[in-house]
J.: 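Just passing along the structure, written as structure tokens.
The structure displayed is predicted, hence computed values, not measured ones.
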Amino acid sequence: MRDAIIHQPIQDPLIYVEDKGFSIRVDSSPFCEVIQWPDHLLSKSRIGPLNFLIAYFIKETLTACESFVSAITEQIYFSQDFAPGYTFFLRSPHMASLQGIRRVLEEDPWAEFTLPEDYWTKQNATEGS
């Protein structure tokens, strides 16, 4: 996909700048070959949000990594847990962005990946009502 964007000359732009954010013509190569675009995301001229495509790639990459881990743990013997009964938690400054992928894919395809600080508070309040 990168090669098609960078190296193949075309007359129409591949990425458009709109008020809502960056968008792409989903019927043009290479975007039409990557995913099946949900129709409700597209404008009448078949323009869709670039954030949705990026979030989709990230999600599918992480899903492939999870599948790989599952496959190797079924085929390769690993030693016993080194800390049985303990749970491992991973913290990263990028977790808010990774959690924002779900918001882009399921709620708002034009949203930024980084969640606002009060996002989870609002989500919990909505679910509790």
J.: Restricting to pairs with a member in residues 37-53, which pass salt bridge (charged side-chain N to carboxylate O under 4.0 Å, His left out), not counting sequence neighbours?
T.: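 Applying salt bridge (charged side-chain N to carboxylate O under 4.0 Å, His left out) to every pair that reaches into residues 37-53, excluding sequence neighbours, yields Asp27-Arg46, Asp39-Arg46.
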
J.: What residues, two or more places apart in sequence or in another chain, satisfy side chain to side chain contact (heavy atoms under 4.5 Å, CB included) together with Ser45?
T.: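 Residues passing side chain to side chain contact (heavy atoms under 4.5 Å, CB included) with Ser45: Arg25, Ser43, Ile47.
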
J.: Just jot down the side chain to side chain contact (heavy atoms under 4.5 Å, CB included) partners of Asp19, sequence neighbours excluded, or say none.
T.: none

J.: Taking side chain to side chain donor-acceptor pair (under 3.5 Å) as the cut-off, I'd like each qualifying pair that reaches into residues 61-72, sequence neighbours left out, listed once.
T.: none

J.: Would you call Trp37 and Ile24 a side-chain contact if the rule is heavy atoms closer than 4.5 Å?
T.: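 The answer is yes; the side chains approach within 4.5 Å.
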
J.: Could you check if a side-chain atom of Val26 sits within less than 4.5 angstrom of a side-chain atom of Leu41, using non-hydrogen atoms only?
T.: no

J.: What about Phe57 and Ile15, same hydrophobic cluster or not, with Ile/Leu/Val/Met/Phe/Trp/Tyr joined at side-chain heavy-atom distances under 4.5 Å?
T.: yes

J.: Quick one: list whatever passes side chain to side chain contact (heavy atoms under 4.5 Å, CB included) with Glu60, sequence neighbours left out.
T.: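 Scan of Glu60 (side chain to side chain contact (heavy atoms under 4.5 Å, CB included), adjacent residues dropped) gives Tyr56.
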
J.: Which atom names give the shortest non-hydrogen contact between Leu105 and Lys59, and what distance separates them?
T.: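 Closest approach of Leu105 to Lys59, heavy atoms only: CD1-CD, 3.3 Å.
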
J.: Considering residues at least two apart in sequence or located in another chain, which fulfil the side chain to side chain contact (heavy atoms under 4.5 Å, CB included) criterion with Ala111?
T.: Arg103, Val104, Asp108

J.: Is there a chain of hydrophobic side chains (I, L, V, M, F, W, Y, each step under 4.5 Å between heavy atoms) that links Val17 to Leu50?
T.: yes

